[in-house]
Amino acid sequence: MPARPETSAAPIRLADYTPPAWRVSDVALEFDLGIDSSEVTAHLTLHGAADAPLRLDGEGLELLSIAVDGAPLDPGRWRHTDNVLEVSGMRDGSVLTTRVRVQPAANTALEGLYLSGSRETGFLLTQCEAEGFRHITFFPDRPDVLARYTVTLRADRARFPVLLAGGNPDGTGELPDGRHWARFVDPHPKPCYLFALVAGRLEKIERDYVTAEGRAVKLVIWSEANAIDSCHYAMDALERSMRWDEQAYGRSYDLDVFHVVATHDFNMGAMENKGLNIFNAKYLLADPDTTTDDEYKAVEAVVAHEYFHNWSGNRVTCRDWFQLSLKEGLTVFREQQFSADMNSPSLKRIEDVALLRRAQFPEDAGPLAHPVRPSEYREINNFYTATVYEKGAELVRMLAGRLGTEGFRRGMDRYFADNDGRAATLEDFLGALGAANGIDLMPYLAWYGQSGTPRLRARGRYDEGTQRYTLTLSQYTPPSASQPDKHAVPIPVKLALFDRDGNMLPLHLDGHAHDTETVVVLDASERSFTFEQVPHAPVPSLLRGFSAPVLLECDYAPAELALLLTHDPDGFNRWEAGQQLAARAFDDCRTGGAEALDAWSGALKRLFVEPGLDAALLADLLTPPGEIELAERQEAVDPAQIHELRQAMQSRLGRVIGAEALERRYRELYAPGPLALDAAGKARRRLQRRVLELLALVAVDTAHALADAQYRSAKGMTDRLAALGVLVRGGAAEATDALADFRRRHADNPLAMDKWFAVQAQIPGEPALGRVQALEQDPAFTLKNPNRARALLGTFASGNPSGFHRADGAGYRLLAERLATLDSLNPQIAARLATAFNGWQRLEPVRRDMARQALSDLAGRPGLSRNLSEIVASVLSR
Ligand code: PHE
Ligand code: ZN
């Protein structure tokens, strides 16, 4: 048995939930801010039963004083032990006052009150979700305690000219000794994880906005001075998000100001603090010289996501952290709808499904698998996962599909009306959606409580004599250690039937005529559906739009998939057929077969010249599933071999299309004139990059010469980075100069420098490790900045399978070493990077032993954080 780290604290269980004994109606906070030391005074108006002791959370706080209703508290009435402050004899309506000291500059975990940037020029900010508020003051730190906040900030005016907190402004003024103050009042009761403050030297851009309800709102985006010109795109995205939520959901903003702040020091993507969103600069700043097209989309999506939380998360919050997907899955889904409306629905769906397969399916198939609503955890920060977010969004999508556009809107209206100002559960959500439509949606709860990706098996049988086509669907979810018996879940299967010419057939099912597309629900282990009046054996198109997050198993002939890839009128379904066909082509490469490989490359050769096919869609069609996804379909995984085979199938595709055709297309896609940031410009660049990548596999010198020229003449980051990637990953001689140039050019821009590190961490195969080690010595590298650590180590470990999974295990040892160091600085980031080890049990034996050894060594180190030890212990189990 490998060594397991001590997991000291007992897990927290959903089944143990009890309502709080004491509630807080009002909070008045006063901050005396300083970089090394800040003092926090909290006045809490408490409500509860006098016989129950009051227990407040607090971690790393130096308690300076404690009083009740203005009088110092008798030492016999309170105890401060083990991250808990216990007070006895409190009366309903009493006000408890505590004064504590915290140390922002020493806070490298970036949770609670901390410093972003340098002591000289940086600013102070807070991060409270999930349990950061207890690092700021004593409080019942749980999301079902909702209170009204009044916040007063005091600080030196020269060092902290800008003082911000959530809520509406409620006055400012001068203080002696060059200090000043500002007060904010938030009229909406909120849980403490939505509290935020920011203080420092920041610049702003502003916009006036009037809501559909007629409220005048000041929108303000803040950043450090050198980045303020890069905030305009986010401002536009914010305005679009606000309008969209009014139109699509009837939800308007509810304060007089909405502040957004960018920081380079942030553990996650962004945070929806009420009235004061705080963003990782990566998801807020955008300008063509340093931001790629994909990153522009990500900025728009994250701005929207955080804004949408104002209703799905803030006005209606979560009863406890087990319900996290209630806000996150729902908000991801809302963002997906928004992004689909703003851009191309089929491209957005392709992106989201690809992400689900790359990030969530492997999670759900390995030792870190957990239900969308977990039943227990030790460290809640480890549950901000692809399962809670992305699979959670898929579950909302299924519900929305079940109810239809109007029914879903009716249900959401009911959900917001019934739960406004409350801390709700997933039952509340399903209950409201169902009640508004007279439908029982509770069977869908099974999806929330069960981990693992269901396998959906489909078999079709055509009977010439009766002209009937019978489709038999069955489901199976493999057992997992914590859930040996899995249950059937309702699986909506959107489908169509195609004839041999690629036309959709009208559907006759259960005596009704349907359109050419319908949804059947598999609500048991197995069911059959019989379609009438089918003139000849059809090709079924199943799970259209990815109508449920399952793995489809269907014995298509390659020619049938090629038919769907060529003819389906819906872009997403076309891509999906192409992905299935490509996976089969990959198997051909492994086994020496040819049928699927020929069908796949042949169909794409024809699509390559199809007039009118959207360039971005074509780019995606030309991209086979990634190495991580392909590994999921294999036993005894050898990542080096997977990389080679995937390259081989792509060179085959390149040869079938032809080097000349690729080069011609590449040149045709060259756009003279200024950089176009519209959809057509983005689509053009996306296809040009893909064509160049394929060309690099079949005419390497030509491709590298073109890439070098593209690098030097690129008008924006998308083309520059695409060219650099081709040179660096292809080991081109030109790569050295290009990298040096990139570094000179972008030395002052941390987000661009992250890309410089990441692109090198993606070099395939054995050379990757040496490059990563060399880059760790670069003066611009630091483990203290999460974006930088992720760019180098995260990209290497999670985004470069053939580089990380070396047969000699050196990749594993490097990561384990760095995790131990990182853990003492920032446990959240260490735990997240450690998930790169997920799936080690399925590696081929040599790598498996190496990975196990590195993991057990790490597990045996003393003093690991709860964050990292929970991940390491889970990954090692089973
Ligand atoms: N709630 C944030 C979001 O998804 C994510 C987050 C979690 C940020 C924890 C910080 C800390 O929008
Ligand atoms: Zn969120």
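Whatever order the structure lists ligands and atoms in, that order sets their numbers, starting from 1. Note that the numbering runs from 1 along the sequence shown for the chain.
Sorted by chain and number, the residues within 4.0 Å of ligand 1 by heavy atom are Q127, E129, M268, A270, M271, E272, H305, E306, H309, K327, E328, Y384, Y389.
Using a cut-off of 4.0 Å between Lys/Arg side-chain N and Asp/Glu carboxylate O, E246 and R243 are scored as salt-bridged. For the pair D236 and R207, the salt-bridge criterion is met [side-chain N within less than 4.0 Å of a carboxylate O]. Between R349 and E394, at least one side-chain nitrogen of the basic residue sits less than 4.0 Å from a carboxylate oxygen of the acidic one, meeting the salt-bridge criterion. Ionic pairing of R866 and D823 is not present here: no N-O contact between side-chain nitrogen and carboxylate oxygen is shorter than 4.0 angstrom. No salt bridge links D754 with K282; every basic N to acidic carboxylate O contact stays at or beyond 4.0 Å.
Closest N/O/S atom of E328 to the Zn ion (ligand 2): OE1.
Rounding to the nearest 0.5 Å places CZ of R818 at 12.0 Å from CG of L833.
In plain terms, the two heavy atoms of N343 and E300 that are nearest each other are ND2-OE1, 3.1 Å.
Backbone or side-chain N, O or S atoms of E306 do not reach the Zn ion (ligand 2) at under 2.8 Å.
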